[in-house]
Amino acid sequence: EWEERSKTRGEELVALADTIKVLNDDDALDLFKKTLPGASSSFIQITSGAERNRARALDVLRAARRGAGKDSVLDLVMLALNGKKGSGQGKGTFDKVLQMIDQMTEVLKTEQLDDENKKEYCNGQFDVADDKKKAIERMFSEEENALEEVTEAIATLTEDIKSLEKGINALDKSVVEATEQRKAENIEYKDLMASDSAAKDLLNFAKNRLNKFYNPKMHVAPPKQELSEEDRIAVNMGGTPPPTDAPGGIAGTGVAVLAQVSAHVAVARKEAPAPPPGTWAAYSSKSEESTGVIGMIDLLIKDLDKEMTEASTDEKNSQADYEKTMVESSAKRAADAKLLAQKGSAKADAEAALEGHKERKADAGKELLATEKYISSLHAECDWLIQYYDVRKEARAGEVDSLQKAKAILSGADYSLLQKSLRGGR
């Protein structure tokens, strides 16, 4: 609206300036003298008092016009004064010109007020737009920094998750290997204990058998056969007890052994027996030698007991270590799994935040472009006015002052006083 109004006013002033130029031409004035009717009514034939006032007013306006811009409202008043026809003396001679001066004065005041309002509006909009631009630029920069931080955080979380998953897999593998090793050790322990127990029982059987012959007092008789109630009745009535089952195990000793031990014994049995001695000597009881054999058996039994004790201790310690390892592994796996879930959740949140920062950065970029475009439009609208505001204000003030002086002259004021005022103003 302001641009349209300024353009219309400019076109109007150009048209008026062209009209004034044409009408003030010397040839045009000579033509008007010859052609306009009435000997006493031309541009230069007016009553002597009004003529002097008109001339003085024109002097004031022309002096002011030399310092005015290209388009000035003074031209309209000067045009009116140049074309004023003398219609007799009196106050009402220049009524229309005085009325025009008042109108032009109001127009100038209105234009000045419009410029002031426009300048205030422009300055205010520039301040608001600049503040908004700074805020958007700050937001844009913050979003860029946030994007970098979140991207780095996602990369770190991704590496942490990979490391945790690798650690959990390695822990699971070590638990499986430890379990398999513990099972193998336990089987080996049970085999050792079974073999040592069987060997110990067999040695005790052999020792007891030797004591039966060499040391009867130290011989331990086998437990009596437990008879059933029917068998006891039969024996009490003079019957015979039922036959005792032959002992099984190794060589009928009743000592059982594991399959691998039995297999080893079976192989030993298949070997050819040693040949009998060449001659048979007279039999004699060798108690001293038997005592050495029994002592040797005791040593063997003692070694077996020691080995079994050590094996039991090792088994107990190994089992305790295994159980401790399993508890610690389970706790570590639970902690790592919990941390893995937290890392995964944090990564998901960070990825969501990343998308949010991207959107806000894009929105800030669009808003920044729109704000810069608006500031550019403000410059196109306001720069000329702000640059020439003081010049235009001073020019209007001069025009208003000249119009008021011309009005005073046309109204009959003392011209000498106005001239002093005009010189003082200069």
Side-chain angles (χ1 to χ4, degrees), residues 122-191 311-380:
C122 289
N123 289 332
Q125 288 301 306
F126 274 126
D127 291 340
V128 172
D130 287 341
D131 291 342
K132 183 178 181 181
K133 180 182 177 182
K134 291 177 182 178
I136 296 173
E137 288 175 340
R138 184 166 54 253
M139 180 186 300
F140 189 86
S141 177
E142 290 174 353
E143 292 300 330
E144 277 190 332
N145 295 334
L147 275 174
E148 293 179 0
E149 292 176 359
V150 172
T151 302
E152 292 178 0
I154 290 175
T156 302
L157 288 170
T158 301
E159 291 299 322
D160 291 345
I161 289 172
K162 288 181 180 179
S163 179
L164 284 171
E165 290 176 343
K166 184 178 180 181
I168 290 175
N169 292 333
L171 181 63
D172 290 342
K173 183 179 179 180
S174 67
V175 167
V176 171
E177 292 175 352
T179 301
E180 291 176 354
Q181 181 180 354
R182 180 84 279 274
K183 288 180 179 179
E185 291 175 351
N186 182 255
I187 291 173
E188 183 179 355
Y189 164 73
K190 289 180 178 178
D191 290 344
S312 297
T313 302
D314 292 342
E315 171 65 14
K316 182 179 179 180
N317 293 336
S318 296
Q319 181 64 23
D321 292 341
Y322 170 75
E323 292 176 355
K324 180 181 179 181
T325 300
M326 291 300 102
V327 170
E328 292 175 350
S329 298
S330 177
K332 179 173 176 52
R333 194 185 195 288
D336 288 349
K338 182 179 179 180
L339 184 58
L340 180 63
Q342 292 175 349
K343 296 282 187 181
S345 177
K347 181 181 178 183
D349 294 340
E351 289 173 345
L354 181 66
E355 294 301 319
H357 287 306
K358 287 181 178 179
E359 292 179 2
R360 286 190 289 274
K361 179 185 175 183
D363 292 341
K366 293 177 182 178
E367 191 173 1
L368 182 60
L369 289 176
T371 302
E372 290 175 343
K373 184 177 180 181
Y374 175 68
I375 292 175
S376 178
S377 68
L378 278 179
H379 281 294

Taking every non-hydrogen atom, the tightest pair across [X] and [Y]:
X    : Y    : value
A337 : I168 : N-CD1, 4.0 Å
R360 : A353 : NH2-O, 4.5 Å
A350 : V150 : O-CG1, 3.2 Å
F126 : I375 : CE2-O, 4.2 Å

From [X] [atom1] over to [Y] [atom2], what is the distance, rounded to the nearest 0.5 angstrom?
X    : Y    : atom1 : atom2 : value
I154 : E159 : CD1   : CD    : 13.0 Å
K316 : Y189 : NZ    : OH    : 10.5 Å
E359 : L354 : CD    : CG    : 10.5 Å
N317 : S312 : CG    : OG    : 10.5 Å
D131 : T371 : CG    : OG1   : 11.5 Å
K366 : I136 : NZ    : CD1   : 13.5 Å

> How about L369 and K373: do any of their side-chain heavy atoms sit closer than 4.5 Å?
Replying inline: no
>> Applying side-chain hydrogen bond (donor to acceptor under 3.5 Å, both in side chains) to Q319 and E323, what does each step give before you reach the verdict?
In response: CA-CA 6 Å; Q319 181 64 23; E323 292 176 355; 3.0 Å; yes
> Stepwise, does the side-chain contact (heavy atoms from CB on, under 4.5 Å) test hold for M139 with L368?
Replying inline: CA-CA 10 Å; M139 180 186 300; L368 182 60; over 6 Å; no
> Among E144, E143, E148, which one satisfies salt bridge (Lys or Arg N to Asp or Glu O under 4.0 Å) with K361?
Replying inline: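 Answer after filtering E144, E143, E148: E144.
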Is the backbone N or O of [Y] less than 3.5 Å from a side-chain atom of [X], with the two atoms forming a donor-acceptor pair by type?
X    : Y    : result
S330 : M326 : no
N169 : E165 : yes
T325 : D321 : yes
S174 : L171 : yes

>> For a side-chain contact (heavy atoms from CB on, under 4.5 Å) check, start with the C-alpha distance between Y322 and Q181, then their side-chain angles and the critical distance, and finish with the verdict.
In response: CA-CA 10 Å; Y322 170 75; Q181 181 180 354; over 6 Å; no
Donor-acceptor list for residues 339-349 side chains, cut-off 3.5 Å, not counting sequence neighbours:
| residue | atom | partner | partner atom | Å |
| --- | --- | --- | --- | --- |
| K343 | NZ | D160 | OD2 | 3.1 |
| K347 | NZ | T158 | OG1 | 3.3 |

> Any chance CD of E188 has more than 12 other-residue heavy atoms, nucleotides or ligands included, within less than 6.0 Å?
Replying inline: no
> Do NZ/NE/NH1/NH2 and the carboxylate oxygens of R182 and E185 come within less than 4.0 Å?
Replying inline: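 Looking at R182 and E185, the cut-off is met.
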